[in-house]
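Take a look at the structure set out below.
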Amino acid sequence: MAKNSISNLPGFRDLTPDLCLFRNYLFETWRRVANRYGFVEYEAPALEPTELYLKKSGGELSSQLFSFEDQGGRQVTLRPELTASLARMAATYQREYPKPLKWFEIGECYRYESPQKGRLRSFYQFNADILGEAGTGADAELISVAIDTMRELGFCEQDFVVRLSDRNAWVDFAEANQIAPEQLADFLSVVDKLERDSAEETDKKLVPWSLTRTDLEKFINDPGNASEAYQEISANLQARGLADFIELDLSIVRGLAYYTGTVFEIFDTKKTLRAVAGGGRYDTLIDSLSDGSVDLPATGFAMGDVVIGHLIEQSTEPTLRFESWKRENRPVEIYVVIADEANRPQALKVVQDLRDHGIRVDYPLMPAKFNKQFKAAEACRARFALIIGSEFPELSLKILAFRQEESYHATEELPAQLKKRLSEPDGPLLA
RNA sequence: GCGGCCGUAGCUCAGUUGGUAGAGCCCCGGAUUGUGAUUCCGGUUGUCGCGGGUUCAAGCCCCGUCGGUCGCCCCA
């Protein structure tokens, strides 16, 4: 704001402690769900050779890369996504691991785009992929991870929907309508924009193939056009009790070229935001990025932190979940109040003992007035205040939320006693 | 790359027909030398985004520019 101060770059966020806490909550949830499904975490470099991203994607995307030349004259790029690096790593190291690989990564990505709601220039992505399994069991497993991630965050059937589709259905459609294979990408981009374009616009684009919007809509609205893969995935999710979360939607084809079969996107039911997550099968990407040396079928999905952040913010249950997580992970469990400065050495010893036992403890670094110390305890959202004063070794533990005090003694047992106390509820529930 | 809206204190904003700046919150201190949610008192903070123009006089009017935001394009 001030003229001479340097501010953050557009689309880059300063994560103050509050925001960082939310990020950590997301990361922890993503990681927990992935681990629950037997996925292992890996990490690729954030900076990659530029050609990794130019090899497979079109010219349009290269203008949205954060690219530069390093001091050694190499053309390098900050990763705009995680999949290309995964494919590179998989091609390099896959022989060391039994198949299928179930790998996930959480990393920051960078795209030079104009920032707007739900889209920034730097953001975090949760990416889960299954490599080396071509069957629909892998796709179903992956979609299940996506659904459970949403459930774990506090969302239910009423809140979101997985719109599931299969590009192969459109391959069949193209064949039946004499669309040449080399025109498929162009045709799919018309399908992709169906929802956003006007009827006239779509009809105009379809003229080369002698089709109309109505033809496409008819195809999309006929459940009979669902592919065999869709049926299998649907049955798989049905068996898990998760079928209610998915919905056949052939209008979903996803933007880019590398998808080869099943594709899906997660939306909030009211569709107030852009897609929360998306993914699909990309059976030829690794082969193509490794110049044919490694051929691994693959399926994966990604969820960014920005859109899901908005969705959590505007949803009741997910917000409550986050609040409850914050209570369980409060930064300070016990604030030590030094009532009498003469006892500061004893207090420091208690503080250290508690910390040695893994209890999160804070205390006034310098002499401070008594009520000031309680305000500090309140400010750091401590659960208990341990008062150390002239009656030492007698101590008083104040349960801050209930304004009640309990008596303790500074013995070797104290840390264990307080640890136990921390595992118990604050106090008696009022009838 | 294109368009709508907005730029005044760290944050949210007010500022009359033009007369050289205000509130609330936050932060710090005190009332309160052994008890934190309320209350009261005091304190810090601005080239009014930047540049030019009109005027005796511009936060206010005009032009330009930069930044933010929302949308279009795009969305790995």
Side-chain angles (χ1 to χ4, degrees), chain A residues 1-12 14 16 18 48 52-65 77-87 109-121 123 125 127 129 189 192-193 196-198 201 253-259 263 265 273-280 282 285 289 300-304 306-307 310 335 337-343 364 367-392 394-405:
Chain A
M1 186 67 59
K3 188 174 150 191
N4 293 319
S5 71
I6 299 170
S7 63
N8 54 338
L9 261 8
F12 285 75
D14 289 330
T16 50
D18 290 351
E48 292 274 17
L52 178 64
Y53 302 110
L54 296 184
K55 205 162 181 174
K56 191 60 186 165
S57 44
E60 178 72 37
L61 294 178
S62 65
S63 70
Q64 297 180 337
L65 296 176
T77 293
L78 284 166
R79 62 184 173 202
E81 49 134 357
L82 302 174
T83 305
S85 297
L86 167 66
C109 299
Y110 310 85
R111 297 178 189 174
Y112 194 85
E113 297 187 279
S114 90
Q116 49 191 273
K117 192 173 185 184
R119 200 169 74 176
L120 301 171
R121 287 184 178 177
F123 52 92
Q125 246 188 20
N127 226 86
D129 297 87
S189 107
D192 187 39
K193 291 176 178 51
R196 284 168 297 188
D197 284 346
S198 65
E201 186 68 30
V253 294
R254 306 257 316 143
L256 231 70
Y258 67 58
Y259 288 105
V263 285
E265 292 184 342
L273 300 166
R274 56 186 79 230
V276 172
Y282 54 99
L285 182 66
L289 281 178
F301 90 96
M303 175 183 290
V306 183
V307 178
H310 282 130
Y335 191 92
V337 170
I338 303 174
D340 186 343
E341 272 303 314
N343 295 101
K369 285 183 182 169
F370 200 71
N371 67 342
K372 207 73 188 299
Q373 296 191 47
F374 273 92
K375 280 182 180 167
E378 175 89 356
C380 69
R381 287 181 299 193
R383 191 174 157 201
F384 300 153
L386 183 65
I387 302 159
I388 299 179
S390 51
E391 25 340 81
F392 188 88
E394 275 180 53
L395 308 171
S396 181
L397 184 76
K398 183 156 186 178
I399 316 303
L400 289 167
F402 280 78
R403 295 169 171 261
Q404 287 174 349
E405 296 192 21

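We use all heavy atoms of the structure for the numbers below, so side chains are in, but hydrogens, waters and symmetry mates are not. First the proteins, then the strands, lettered A, B, ... as listed; each starts at 1.
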- Task: Give a yes or no on whether a donor-acceptor pair under 3.5 Å exists between the nucleobase atoms of rG34(B), that is its base, and the side chain of E391(A).
- Result: yes

- Message: Closest-nucleotide mapping onto RNA chain B: is I399(A) or L9(A) further toward the 5' terminus? I mean the 5' end.
- Response: I399(A)

- Would you kindly give the CG-to-C1' distance between N8(A) and rG10(B), to the nearest whole Å? 14 Å

- Item | Side-chain donor or acceptor of Q373(A) paired with backbone N/O of A368(A) under 3.5 Å | yes

- I387(A) near the nucleic acid: base, sugar-phosphate alone, or nothing, with a heavy-atom cut-off under 4.0 Å? base

- Using whole Å, report how far CZ of R274(A) lies from C1' of rC74(B). 10 Å

- Item | K375(A) NZ - rC26(B) P separation (whole Å) | 12 Å

- Which part of the nucleic acid, if any, lies within contact of R196(A), taking any heavy atom under 4.0 Å across all strands shown: a base, the sugar-phosphate backbone alone, or nothing? base

- Message: Under 3.5 Å, is there any donor-acceptor pair linking the side chain of E405(A) to the base of rU35(B)?
- Response: yes

- Figure out the CG/P separation between L120(A) and rG68(B), and round it to whole Å. 12 Å

- Query: Hey, what's the ring geometry for Y110(A) with F12(A), parallel, tilted or perpendicular (30° and 60° as the breaks)?
  - Reply: parallel

- Query: Closest nucleotide of RNA chain B for S390(A) versus for R254(A): which of these residues is on the 5' side?
  - Reply: S390(A)

- Query: Taking atom C1' in both rC60(B) and rG4(B), what distance in whole Å separates the two?
  - Reply: 22 Å

- For atom CG of D14(A) and atom P of rC11(B), their distance in whole Å: 12 Å

- Task: Under a 3.5 Å limit for both distances, which nucleotide forms a Watson-Crick or G-U wobble pair with rG68(B), could you say?
- Result: rC5(B)

- Identified pairing partner of rU16(B), criterion: Watson-Crick or G-U wobble below 3.5 Å: none

- K369(A) side chain near rA31(B) phosphate (N/O to OP1/OP2, under 4.0 Å): yes

- Item | OP1 or OP2 of rG29(B) under 4.0 Å from side-chain N/O of K372(A) | yes

